[in-house]
Amino acid sequence: MSRRAGQVEGRPDADAPVRVIGEVLARRREGAYWLLSFSAPELADRARPGQFVEIAVEQKYSLLRRPFSIARVSRQGPAAGTVDVVFDVGGPGTEWLTQLALHDLVDVVGPLGTPFPLPKRRVPCLLIGGGYGAAPLFYLAEELTREGLRVDMIIGAATRERILNPIEAKRASATVTFTTEDGSHGVQGRVTDVLAQTAETCRSAVVYACGPMPMLRAVSEACAELELPVQVAVEEHMACGVGVCFTCVLPVRGKDGEVRMRRACLDGPVFNGARIAWDETRFELGPPPDVEEDEVEDEASGRLTDDELWGEQ
Amino acid sequence: MSRRAGQVEGRPDADAPVRVIGEVLARRREGAYWLLSFSAPELADRARPGQFVEIAVEQKYSLLRRPFSIARVSRQGPAAGTVDVVFDVGGPGTEWLTQLALHDLVDVVGPLGTPFPLPKRRVPCLLIGGGYGAAPLFYLAEELTREGLRVDMIIGAATRERILNPIEAKRASATVTFTTEDGSHGVQGRVTDVLAQTAETCRSAVVYACGPMPMLRAVSEACAELELPVQVAVEEHMACGVGVCFTCVLPVRGKDGEVRMRRACLDGPVFNGARIAWDETRFELGPPPDVEEDEVEDEASGRLTDDELWGEQ
Amino acid sequence: MSADVRRIDAASASAHGDAATEAADVDLTADLGRLTLPNPITTASGCFASGAEIDRFYDVTDLGAITVKSLTLEPRQGLPTPRMAETPAGMLNAIGLQNPGVDGWLERDLPWLQGKGAKVIASIAGNTPEEFRDVARRLRRATGVVAVEVNLSCPNVEHRGLVFACDPKASAEVITAVAREVDVPVFAKLTSDVTDIVAVAQACIEAGASGLTLINTLLGMSIDPETGRTRLFNGYGGLSGPAIRPVAVRNVHQVHTALPDVPIIGTGGVRTIEDVIEMVRAGASLVAVGTATFVDPFTARDLVRELRTWLAARGHTSVAELRGSVLAW
Amino acid sequence: MSADVRRIDAASASAHGDAATEAADVDLTADLGRLTLPNPITTASGCFASGAEIDRFYDVTDLGAITVKSLTLEPRQGLPTPRMAETPAGMLNAIGLQNPGVDGWLERDLPWLQGKGAKVIASIAGNTPEEFRDVARRLRRATGVVAVEVNLSCPNVEHRGLVFACDPKASAEVITAVAREVDVPVFAKLTSDVTDIVAVAQACIEAGASGLTLINTLLGMSIDPETGRTRLFNGYGGLSGPAIRPVAVRNVHQVHTALPDVPIIGTGGVRTIEDVIEMVRAGASLVAVGTATFVDPFTARDLVRELRTWLAARGHTSVAELRGSVLAW
Ligand SMILES: Cc1cc2nc3c(=O)[nH]c(=O)nc-3n(C[C@H](O)[C@H](O)[C@H](O)COP(=O)(O)OP(=O)(O)OC[C@H]3O[C@@H](n4cnc5c(N)ncnc54)[C@H](O)[C@@H]3O)c2cc1C
Ligand SMILES: Cc1cc2nc3c(=O)[nH]c(=O)nc-3n(C[C@H](O)[C@H](O)[C@H](O)COP(=O)(O)OP(=O)(O)OC[C@H]3O[C@@H](n4cnc5c(N)ncnc54)[C@H](O)[C@@H]3O)c2cc1C
Ligand SMILES: Cc1cc2nc3c(=O)[nH]c(=O)nc-3n(C[C@H](O)[C@H](O)[C@H](O)COP(=O)(O)O)c2cc1C
Ligand SMILES: Cc1cc2nc3c(=O)[nH]c(=O)nc-3n(C[C@H](O)[C@H](O)[C@H](O)COP(=O)(O)O)c2cc1C
Ligand code: FES
Ligand code: FES
C-alpha cells in the first residue's frame, strides 16, 4: 500500500486492532530512554493500559515489527489522537526508531493484547515498574486515579539514569518509592526489597507490575507470600504480535491447576502473576492437559480474591 | 564501523578509490530527476568525468550498493570537496535516496572505473547524452572546455521533462541540439537522427556518449559509419562495482579482433564504442581467445585514429 | 526519511493504460485440478493459527482458502521457548507443532470457520504413516475442508527421526495412507532440503497426491555470539520469510517443469504482489502467504486486491494465463 | 534519519571492562590441522577475483589467506549476462566460472600474490575428476599456495550434469584424484542443497580431504514479474549473502558435530564481527567473507581488526577457544 499519514486499516469495532500510518510528533530522550509520540487517533481511541503496539522498522536486514507497551494516549486536547511509547535502545530496530524525524511516518499495528484488568472495588493499588516498564504504569495510574482509586508506586532500576521520569511518578501516585541497585537514587536494592513494607504502609490490596521477567517473577512470588493479587505485563519474543505464530508462549496455570502454553500477545501480555508457571518457562512439555479450563478455583485467602477483584477473566 | 561525517578509508594514492562517509548537502528535484550532493573531499579530489560512485542504500531488503555516474565535483570555492550525482527513481534503492535529508550521512565508494580519455589534440568534441546520461557529460564538457577544446552537445530524452537541465547544457557547450521522442522539446526523434548533421556542422572530430545501452549502440554504429572515434560510458548491472564479482561484463573486441568479457566496473564503464561487440552481448560464449591482446590494429581511416586521439589505452 | 514516502506502484494503471482490462472483469479463479478456489491466495500452515485471530483485522473469507496450522492426532504443547529468532530478511522458528489436536480442532476451531463459510485446507502432521492416516480419517466428512495438506517435514520416528520429506519412499507411504482416507484433494508439502526434490514430488504424486505444496522452511541455526547459546531452544529451526523466496521459486519451477500437470501451492517468502506473480509464473496455481502475515496482518487480503488491479492494468483477463509463463534468454 | 547515526558496538570495551585482555595479546592464529594461518579471515572463492582488485583499497595480506576464484583447466569466458539479481538480503549469481585458466593464473595472477607474500588458497573446478586432477597437478609446486579448495559444485558431465557435491561417491572420486596430486591440505567445498551433508562430508574426508568448506550458494531463481523473463541468463543461480547465513551456520554446526576433528572453512552470509563469532562457535576454524565484500570492499580487513578488539574486550586470549563452543538450552 502507499503510505500517507492518517491511513488506517481494520474493522470499525471498538476492540479491534488497526494498522495506522502515523506521523511522528515527537522523538526525544527521556532519561536513559527515548520517547516516541505519533498520531494514531483510531488506535488511541481503542487503547487501554497494558496493551501494546507493533511498530514496523525500516531497518536494513530486520524483518519483523517491534512490540512496545503503550505509554500514554491522548484522546482530548491539543494532542488528541496521539500515542506515546517509551523505549530503550538495544538493537537495530530500536536504533532505527531513534533516527526518526518529526513528520516521518510510522506504520503501527495496535492496540494489541490484554489490558490490565481494573479492580471491581475501590481498593488502593500498588504499581511496580522496572526500567522502561514504568511507562505503561503511568498510563494505568492515570486511569485508576480517574476511577477514584488510590495509586502508590515503586519504581526500580539499575541506576538513577534508568529511573523513568521520577517527576511523573510523583505526580501520578500518592506515594512513590524509588529503588536503584547501585543506590544512586532512593533505596539501594530491588523493588522486592521494599514491596512488603510499602504494601503494608499503603494498605495496598492489589499489585500491578511491569518490567523485566526476573523482576515480574520476584514480584509475583513476593505477592504470593503476602497473599496479594498481582497482575503482570510480560515480555516474550514475538514474531507476529497478533496471535498467529505461537512464538511468544509462556506456561500459565489454569484454574484447573494445569499448565498450558499461552500466547503473550493474545492471551497476554497481562497475566495474573500467580498463575504463571515461572519454574516451567523452559520446561520440556509433555502432552497438554484438556484444552478447556476447569471450574472456578477455590480462593482460601481472607483477602480479596482474584475473582472479586478482577471479575471473571 | 561507526559512521561519522568525513570518515574516509583507503590508500593515499591519488588514483585509489576510497570509502567516504559524506554528509548530504543537497537533495532536490532536477526536472524529472533528482540531484544529490554530498561532501567527500578525498573522492572529489580523485574523480574524473566518466567515473562513478557506489552509494550504500539503507533500504529494507536491499543488499547492494547502487552505482551512479559522477555528475560534478567541486574542488574549490564554497562547495569544495563535494560530489554530485543525478538520478532517476526506478526502484527501492533510488527511492530511498530521495528520502535523504540535509545532513544525513551517505556511505560512498569511489571514484570507480575508467574516466573518459581526453583527446591528445585540440579537436572539437561532440557530447551526446540521453536522459540522466547527460549529467556526466556536463562534467566532461567542463573539463574539455578548461583544456581549450570546443564542445557541442546533443541531448535527447523521451519527453521535455526528461531533458536534463537544458540551461546548463547551453552554458556548457558551443551549440546544443535537443531531441525528444514526442517532439515536446527540440527536434522530434532520437539523438542519432541529428548526429551526422551536427557532427558535420560542428566539425566534430570525436564523440562521447552516455545514456541507455540501445542509444549507445546506435551512436556507436552511427559513428562507425561516419568514421568518428567514439567513447561511451555503459551501464551494466553491478554487484560489487570494484572488479571482484564478474557480474558486470560485456563483450569487448580487442585490438586483435578477439572478443573478451570485460568488467564494466573496472575496465569500463568508458569503452571505445567501436570495440563493443554489441551483437554479442547475449551470446553463448565459446572458449575465450588468448588472454593477452594482440598488436595495435591498423587504422585505415583518413580521420584521426583512436590511438592518435586517446593515446594508448 | 521525509513525510512524502512514495511507493513505486507497479500496479498503477497509468503506466499500462493501453492494455488495461476492467478490474472487475479479471478472473482470479485458482484451478487446482479437482479443486477450484475463488482466488489464488491462501495462508501458509502455521502462519495463520486457526483463522479467527486475523479475522479481527479483516474478513478472512476474502482469501481463496485458509490453510490452518498442522493438526496432530493428540494435542501438542510444542517446544519450550525461545521459539524464534530474527535473521536477515527472514526468521527461524521451532514451535514444535503446538496445536489442539485434530479432535479439539474439529470441536472448537472448525465450527467457527464453517460459520464464516471459509474454504479450509487442513494441514496434518504425524510421526508415523498411521498417525497421518488417523488424523486424515477424522477429517473425512468435515464440512468446509476442501483439501488436506500433508506436512511431510515431520520426524519419522521409525527412521532415525529423519523427516519424511527427505525420502521419496517414506513420503509416498504417508501419502498412500492419507489419500485412502479422504475424498478431497491431497497436497504433499515438501522440503527444499533434499538433493532431488523432483524425485520426492514424483513419488508423492504416484502415491496418490493430487498436488504439491512447495516449500517448507529451510533448516537453519542461529547462535548468540556473546553467550554461545543457540537462539532457539531446539537448536535448529526453520528459516522462512523473504530471504528464502529465490529458493522457493526455484523449487516450484523445477517441479512444475518436471510435472506440468500437477497443481502446486507455492510458498516461501511471498510478501508483495510482484512476489505472487513470480510464484505463479514459476508454476504455482495457489500462493500461500506465511511469514509476511507476521510483518503485516493485512498482507494476504491486500494481495488479493492488488492482484486484480495488477492484472487488469496489464490487460490480463485471468491469473491462470500467467501460470508457468517464464521466458528464458 | 538524523546525522548522529550511532552504532551499537558490541565490541565496545566499556561494556566488558572487567574481563578485558590487551588487544595485542589476543592470539588470532587459525589452526587448520596441517595449515596454520595468522588470522581466521579469508575470502570466499569468486568474491575476491585475483586479489589485486581489492589491494587498491587496502593491503590484502592483512587477511589470514586469500581464496581466489575457481580455476579450471582451460580459460573460461563464463555465461552471458545478466549474471546477477538482487534478492532480499541476498543475491543470485550465475557467472559460469569466468577465469583465465590455471595456466593463465599461474603466469599472470599468482606472481602478483607471491610478490605480496600472500597466503593463497587456490580454488579449483572441473567437469570430470580428471580435469580436477589436472588443475591440481599444475598447482603442485606453486609458491604461496597454502591449500587447495575443491569446488565440488560443478556439473559432473559424466553423471547427467548433476553437481559432484550432490553425491558422496562422485565427491570422493574428485577428492581422491586431487589429494594424490598436491602436497598442501585439500578442502572439499560442499553445497547445502543435499539431503545429508554429513554423508558427503564424511566421504570427502575418507577420500583424503584435510578439511571442508561449507557452504557454497543455494540454488535459487528469480523471475521478472512484468516480462516473465528469468533475471539470470542461466535461469537458476546461486543464492548468497546474509539471507543464507542461518543455513550456513546450521551446516557448519552439523558437520562439526559429526566430525569434530576436521577443520572447517565457514562461509555464507558473513558480514559483521558477530557473524564471524557465530561461525566460529558453530565450528569454523577459518571464516570466508564472500558477498559482503561486494557491499563494502573493506569488510574482510575490518573483520580482522574488529575480531581482535571483540575478543580482547571479553577477556578471550585466542579465537580458537571459541571454536565449537555452543550452549544448548
Ligand atoms: C509486549 C511487549 C512490550 C514491550 N514494551 C517495550 C517498551 O515499552 N519499551 C521498550 O524499550 N521495549 C519494550 N519491549 C521490548 C522491545 O520489543 C525490544 O526491545 C525490541 O523489540 C528490540 O528490538 P531491536 O531491534 O532493537 O533489538 P534486537 O535484540 O536486535 O531484536 C531482535 C529480535 O528480538 C526481539 N526482541 C529483542 N528484545 C526483546 C524483548 N526484550 N522482548 C521481546 N522481543 C525482543 C525483537 O523484537 C526482534 O525480533 C516490549 C516487548 C514486548 C513483547
Ligand atoms: C556505471 C553506472 C552508472 C550509473 N549512473 C547512473 C546515474 O548517473 N543516474 C541514474 O539514475 N542511474 C544510474 N545508473 C543506474 C542506477 O545504478 C540504477 O538506476 C539503480 O541501481 C537502480 O536501483 P534501484 O534500487 O532504484 O532499482 P532496482 O531496479 O530495484 O535495482 C535492483 C538491482 O538492479 C540494479 N540495477 C537496476 N537498474 C540498473 C541499471 N540501469 N544499471 C545497473 N544496475 C541496475 C541495482 O543496482 C540493484 O542491484 C548507473 C548504473 C551504472 C552501472
Ligand atoms: C512460525 C511458523 C510456523 C509454521 N508452522 C507450520 C506448520 O505447522 N505446518 C507446516 O506445514 N508448515 C509450517 N510452517 C511453514 C510455512 O507454512 C511455510 O511453508 C514457510 O514458512 C515458508 O513460507 P514463508 O516464507 O512465506 O513463511 C511454519 C512457518 C512458521 C514461520
Ligand atoms: C559472484 C559470486 C561468484 C562465486 N564464484 C565462486 C567460485 O568461483 N567458486 C566457488 O567455490 N564459489 C564461488 N562462489 C560462492 C562463494 O565462494 C560462497 O561460497 C557463497 O557466496 C556463500 O558465501 P557468501 O554468502 O559470503 O557470499 C561465488 C559466489 C558469488 C556471489
Ligand atoms: S507473537 Fe505470534 S502468536 Fe504471539
Ligand atoms: S560489478 Fe563486480 S566485477 Fe564489476
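Quantities reported herein were computed from a predicted structural model and do not represent experimental measurements. Note on naming: letters A, B, ... go to the chains in the order of the sequence lines (proteins, then strands), and numbering restarts at 1 for each one.
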How many angstroms lie between atom CG of D:Leu92 and atom OG1 of B:Thr247, to the nearest 0.5 angstrom? 12.0 Å
Flag side-chain contact, heavy atom, 4.5 Å: B:Val249 against D:Thr81: yes
Heavy-atom cut-off 4.5 Å, strictly under: side chain, backbone, both or neither for D:Phe57 against chain B? both
Going by salt bridge (charged side-chain N to carboxylate O under 4.0 Å, His left out), name the residues that satisfy it together with D:Glu86, two or more places apart in sequence or in a different chain. B:Arg66
Between D:Arg83 (side chain only) and B:Phe246 (backbone N and O only), is there a donor and an acceptor less than 3.5 Å apart? yes
What is the minimum heavy-atom distance between D:Met91 and B:Leu64, and which atoms define it? SD-CD2, 4.3 Å
With a 4.5 angstrom heavy-atom cut-off, could you sort out which part of B:Val109 is near chain D: side chain, backbone, both or neither? side chain
The salt bridge (charged side-chain N to carboxylate O under 4.0 Å, His left out) partners of D:Lys116 (sequence neighbours excluded) come to D:Asp55, D:Asp59
To the closest 0.5 Å, what do you measure between CG (D:Leu79) and CE (B:Met261)? 9.0 Å
Proximal component of D:Thr291, with respect to chain B [non-hydrogen, under 4.5 Å]: side chain
Can you tell me if NZ on B:Lys60 sees more than 12 non-hydrogen neighbours from other groups inside 6.0 Å? yes
Side chain, backbone, both or neither of B:Ala56 within contact of chain D (heavy atoms, under 4.5 Å): neither
To the nearest 0.5 angstrom, please state how far the CZ atom of D:Phe294 sits from the CD atom of B:Glu54. 11.5 Å
Are the side chains of D:Asn93 and B:Cys245 in contact, using a 4.5 Å heavy-atom criterion? no
Please report the closest heavy-atom contact between B:Arg65 and D:Val295, naming both atoms and the distance. NE-O, 2.5 Å
Search all heavy atoms of B:Arg263 against all heavy atoms of D:Ala49 and return the closest pair with its distance. NH1-CB, 4.3 Å
Top of B:Gly10, B:Pro17, B:Cys248, B:Gly241 for chain D proximity - count of heavy-atom pairs under 4.5 angstrom: B:Pro17
For chain B, which candidate among D:Lys69, D:Arg301, D:Glu53 shows the most heavy-atom pairs at distances under 4.5 Å? D:Glu53
Do the side chain of B:Glu9 and the main chain of D:Phe298 share a donor and acceptor less than 3.5 angstrom apart? no
Backbone of B:Val259 reached by a side-chain donor or acceptor of D:Gln77 within 3.5 Å: yes
Using the rule side chain to side chain contact (heavy atoms under 4.5 Å, CB included), only one of B:Leu266, B:Val18, B:Asp13 pairs with D:Arg56; which is it? B:Leu266
Work out which heavy atom in D:Pro242 is nearest to a heavy atom in B:Leu63; give both atom names and the distance. CD-CD1, 3.7 Å
